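Take a look at the structure set out below.
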Amino acid sequence: MDVLYTKEHEWIRIEGSAGVVGITGYAVGQLGDITFVELPSVGKVVKQFDVLCSIESVKAASDIYAPLGGTVVAVNQSLDSRPEIINESAEEKGWLVKIEISDPSGTGRLMERQEYDEYVKGLE
Amino acid sequence: MKDLKLTPLLPEHKALGAGMAPFGGWLMPIQYSGILAESGWCRKSATLFDTCHMGEFHFRGDLVASGFERLFSCRVDSIPVGRGRYGFLLNDAGGIMDDLVIFRLSPEELMIVVNAGTAEKDFQTIRAGLKGDAVFTDVTSETGKLDIQGPLSRDVLESVCEISIARTPYFGFEKISIFGAEAIVSRTGYTGELGYEFYVENDALHELWRRFLADGRVKPAGLGARDVLRLEMGYCLYGSDLDESVTPLEAGLGQFVDFEKDFVGREALVRQKREGLSRTRVAFLADSRRTPRRDYGIYHGDGLVGHVTSGVFSPTFSCGIGMGYVQPGAASPGTSLVIRHENVTINAVVTEMPLYKAGSLRK
């Protein structure tokens, strides 16, 4: 399974022509308890690195950017009432949205796990 | 920027993996396990807070002859020995220089507990206002402070310290000996729960911290949880909800001003009382999980009526809560407000303080 990362700490798991998007464990560590997620509507069209949705935590309100361009085809509705799922499982159960990828060439601007881990290490 | 002051308990916080951040000129623990879990634990059991950043001053002398009485909004000479009282240090315009608690240690001896960020200026202001042979000293650096707060805090305190404190009333205090050191334990706090604050020599501080945490009923909590808990009660945070541009009347804290006595700022407050207030502090509950944050605009009807001064997500109410200053027409409980910032819109309702009424504070 192919998972790629952005410098803004989003991840995207490529599943065929679609991608599941979330934020990384590192991002969650920085934000603390997640208290609110404003999910986009299904059908929303985004370009790569456009604002996809926003997340609020005990520390800040943050925009989440689309790792790849595409159309939102599903959102993780369980986050409406239980945004803490992101704290419990940022890179699996705490996924945010699924997008149908319109431009797979954008993957060239994303990082593999090892590269992302080194990038995070450089931030600490 | 000046160097941050370090709490003597820093090694303890590091060992616990706390997230640290600057607050009031000090590097302080903001969270351990998580802000929401820590505030929840305080509401149901007991949490321990490091509050060594708070400032403590000692005064010894004649309250009236020294000019001490005149420096504070509240009456000082009627505080019984063994009790404390909340009040303000005001400027000539009636603006709040600090909110503080004065404890009467003996007829001629007081301890004044002030906010960290204002401590230095407070000390200069008070010292400059004193005359004669009164002794006034800043004892912050040799005074450690710990707060134990929560419905089980009394049981925990009595077992850890092997004392009986059940008879100490709200805002009363005891002088005790603990682990070879002298300490003052006051029944006060900032959470809305039953709780006690320890003022203790730094030597005994570590031992006290560890003994409390060795009790399974107690968990450490940081300043993040403290902020949630105090906002659920509608308590002000100096620097956010109170500052020198705000008077106690605008803040809705007129009960801590004694107009029967003379004090710095009195004339300005009398004038403001006569002329009426142009803004007043309110608390509100949001209708969603969104957090109203500082400086967000508050709207009512067609117009901007004020700004948010603090807000958090409240785990008790599962929604955003906050406080701010609004025009008097939008201040009555039940008034609908719209809070806006960039693309964020939050509907909220003015709600009577304290928002959280089920606390163990006076049990």
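Proteins get letters first, then strands, A, B, ... in listed order; numbering begins at 1 in each. Any value given below was found using the heavy atoms of this structure, including those in side chains, with hydrogens, waters and symmetry copies removed. From a predicted model like this one, the values you see are computed outputs, not experimental measurements.
Listed by chain and residue number, Tyr296(B) satisfy the ring-ring contact (aromatic ring centres under 6.0 Å, His included) test with His341(B) (two or more places apart in sequence, or in another chain). Residues satisfying the salt bridge (charged side-chain N to carboxylate O under 4.0 Å, His left out) test with Arg340(B), not counting sequence neighbours, are none. Looking at residues two or more places apart in sequence or on another chain, you find a side-chain contact (heavy atoms from CB on, under 4.5 Å) between Glu12(B) and Leu9(B), His206(B), Trp209(B), Arg210(B).
Heavy atoms closer than 4.5 Å to chain B are found in the backbone of Asp80(A), but not in its side chain.
Enclosure of atom CD in Glu92(A) is not indicated, since only 12 or fewer non-hydrogen atoms of other residues, nucleotides or ligands lie within 6.0 angstrom. Shown here is Lys7(A), whose NZ atom has no more than 12 heavy atoms of other residues, nucleotides or ligands within 6.0 Å. Annotation for Lys98(A): atom NZ does not count as buried by contact number, only 12 or fewer foreign heavy atoms lying within 6.0 Å. Counting heavy atoms of neighbouring residues, nucleotides and ligands inside a 6.0 Å radius, atom CD of Glu88(A) exceeds 12 of them.
For the pair Pro315(B) and Glu84(A), the minimum side-chain heavy-atom distance is 4.5 Å or more. You'll find the side chain of Val312(B) stays beyond 4.5 Å of the side chain of Val58(A), heavy atoms only. Taking 4.5 Å as the limit, some side-chain heavy atom of Arg293(B) sits within range of a side-chain heavy atom of Glu56(A).
Residue Ser57(A) holds its OG atom at 8.0 Å from CD1 of Ile35(B), rounded to the nearest 0.5 Å.
Proximity to chain B at a heavy-atom threshold of 4.5 Å picks out Asp33(A), Thr35(A), Phe36(A), Glu38(A) from residues 33-47 of chain A, in numerical order.
Nearest heavy-atom pair across Arg290(B) and Ser54(A) is NH2-OG, 3.6 Å.
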